[in-house]
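Below: the structure, in structure tokens.
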Amino acid sequence: ILMDSYRSLKAQKLFKTVLVLSLLVIVGYASFGFNEDGLSLFFGAVQIENEYFKAGTPLATTLYMGIFSAFIVSLWLGWVATVLALISTSSIYPQFLSQGSVELVMSKPIRRTTMFIAKYVGGLLFVILQVGLFCLGAFLVVGWRVGEWNPSIFLAVPLVTIFFSYLFCINTLVGVATRSTLVALLFTLLFWFMTFGVRTADDVLHTFQFQAEGMVATAEQHLESDQAQLASFRQELTVLEDSGSESGREYYQAQVLRMEASVAATESQLQNRRDALDQLKPWATALSVIRWPLPETQRTIGLLQRWVDQGRSVTMNDILSGRFMEEEEERWDGGDARADDGDGARERRQSRREQRRAAESRMMDREENISPAAIIGWSLVFELVILVLAWWVFVRRDY
């Protein structure tokens with residue numbers, strides 16, 4: 001049964017089409033490289049001078065590996081190739097259960113559970129073969145271009161296969177229940193987009209929540225500072241009034257009025273930010289609860305980026321977010337900034353930069369604090385439940 005599934009997939013034109021497309025993606029990846037001046041595109045046809053990304057630099061190696069793990073794996077293997085694989089494998093169970101096919105197999109002394117498992121593993125062969133050949137090509141290209149023979153590239157094979165299995169189990173259940181290839185494919189794609197929507201909404205709301213919490217903390221600090229200054233001015237004014245001195249009294253009276261207005265404005269701003277945060281928290285919590293039982297498709301793929309970046313001083317996230325250039329930005333702001341900016345403008349830029357860093361750092365910590373075992377383990381529990389339902393329908397149906 002397993003070999004029959006393999007031969008059936010191999011005979012499909014789509015299997016060969018995906019192989020050809022994967023080869024084109026690898027060729028496109030290989031056309032991008034580095035030299036002593038910067039970046040080289042299309043096998044040297046286009047040169048881009050860049051002082052950071054040059055041949056032999058750690059940044060160049062991180063960028064090249066990051067393009068593979070963060071873009072090629074996520075976009076090509078995680079989206080396009082997955083859709084093509086679903087189209088190819090959606091017919092496995094419906095065709096097997098069609099009139100005449102299943103009776104021939106049932107006439108042999110094979111348990112239905114064995115048939116069910118063999119067909120499921122046969123469907124996963126499509127992804128294993130495609131991703132394995134793709135990773136072999138990427139391994140050779142990375143070694144050629146940046147001189148790093150990194151075996152962690154082959155971690156994409158189990159990760160993408162596990163990711164695909166989250167969707168294929170839904171495809172299997174619907175295919176066994178309806179015996180329709182089209183219904184199984186459409187339902188699987190709808191389920192996939194539903195998980196994508198829930199995950200995206202959850203990430204966006206938590207980013208807003210972290211930013212709102214940072215803004216509340218900043219407003220609280222400003223309020224404490226304003227209240228301290230107000231108390232100081234009031235104390236000075238009281239001393240002057242008790243001594244009967246007129247010198248400086250008008251100045252401190254004006255300062256007290258100014259700080260009272262500032263405290264009132266800061267308190268109003270703080271309350272508005274707290275109200276916005278209180279409105280965000282229930283929605284963020286609700287989405288986290290909805291997301292919890294669903295398979296972590298994107299996080300499973302994202303583990304490759306996490307493992308590839310291990311031990312690197314600069315990660316792909318640092319490059320994408322621009323954090324690797326922040327030291328130079330700070331030197332510019334501190335020394336070479338325009339004179340007409342003033343201290344207030346520099347402080348506001350620094351405050352916004354720190355708030356952005358804090359929110360990004362909390363989001364990264366949120367993702368990195370979830371262990372690979374938790375990401376894959378809970379998702380496999382979901383898959384097991386779906387497969388048990390599909391197996392139950394398969395073994396109890398009369399053929």
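In this text the structure is predicted, and so the values were computed from the model without any measurement. Numbers for residues simply follow the sequence, beginning at 1. Scope of the values below: all heavy atoms of this structure, side chains included, with no hydrogens, waters or symmetry mates.
Side-chain contact, E148 with T61: no donor N or O sits under 3.5 Å from an acceptor N or O. Between the side chains of D275 and Q271, at least one donor-acceptor pair of N or O atoms lies under 3.5 Å. Using modelled atom types and a 3.5 Å distance limit, the side chains of S74 and W79 yield no donor-acceptor pair. S40 and N35 form no side-chain donor-acceptor contact under 3.5 Å, judged by distance and modelled atom types alone. Under 3.5 Å, the side chains of Q209 and E213 contain a donor-acceptor pair of N or O atoms. Between the side chains of H222 and D226, no donor-acceptor pair of N or O atoms lies under 3.5 Å.
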**Request:** Take V395 and T113, measure what side-chain contact (heavy atoms from CB on, under 4.5 Å) needs, and give me the verdict at the end.
**Result:** CA-CA 7 Å; V395 299; T113 300; 4.3 Å; yes
**Request:** Kindly determine whether S379 and R299 satisfy side chain to side chain donor-acceptor pair (under 3.5 Å), including the steps that lead there.
**Result:** CA-CA 10 Å; S379 299; R299 278 177 176 165; over 6 Å; no
**Message:** If you apply the rule side-chain contact (heavy atoms from CB on, under 4.5 Å), what do you find for L133 with L19, and how did you get there?
**Reply:** CA-CA 8 Å; L133 294 173; L19 278 180; 3.6 Å; yes
**Request:** Evaluate the criterion side-chain contact (heavy atoms from CB on, under 4.5 Å) for residue pair F134 and V157; output intermediate values, then yes/no.
**Result:** CA-CA 9 Å; F134 186 86; V157 179; over 6 Å; no
**Asked** After noting the C-alpha distance and the side-chain angles of T89 and F164, does the key distance pass the side-chain contact (heavy atoms from CB on, under 4.5 Å) rule?
**Response** CA-CA 11 Å; T89 57; F164 177 78; 3.6 Å; yes
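If you look at Y64 and Y29, their ring centroids are closer than 6.0 Å. Aromatic pair Y166/F382: ring centres not closer than 6.0 Å. Two rings, from Y120 and F168, have their centers less than 6.0 Å apart. Ring pair F193/F191: centre-to-centre distance not below 6.0 Å.
In this structure, E260 pairs ionically with R234, as a charged nitrogen and a carboxylate oxygen lie closer than 4.0 Å. Salt-bridge check for E296 with R291: passed, with a basic side-chain N closer than 4.0 Å to an acidic carboxylate O.
Considering every non-hydrogen atom in both D202 and S288, the closest pair reads OD1-OG, 3.2 Å.
Of the inter-residue distances, the one linking N272 atom CG with L277 atom CG reads 12.5 Å to the nearest 0.5 angstrom. R273 CZ to Q269 CD: the interatomic distance, rounded to the nearest 0.5 Å, is 4.0 Å.
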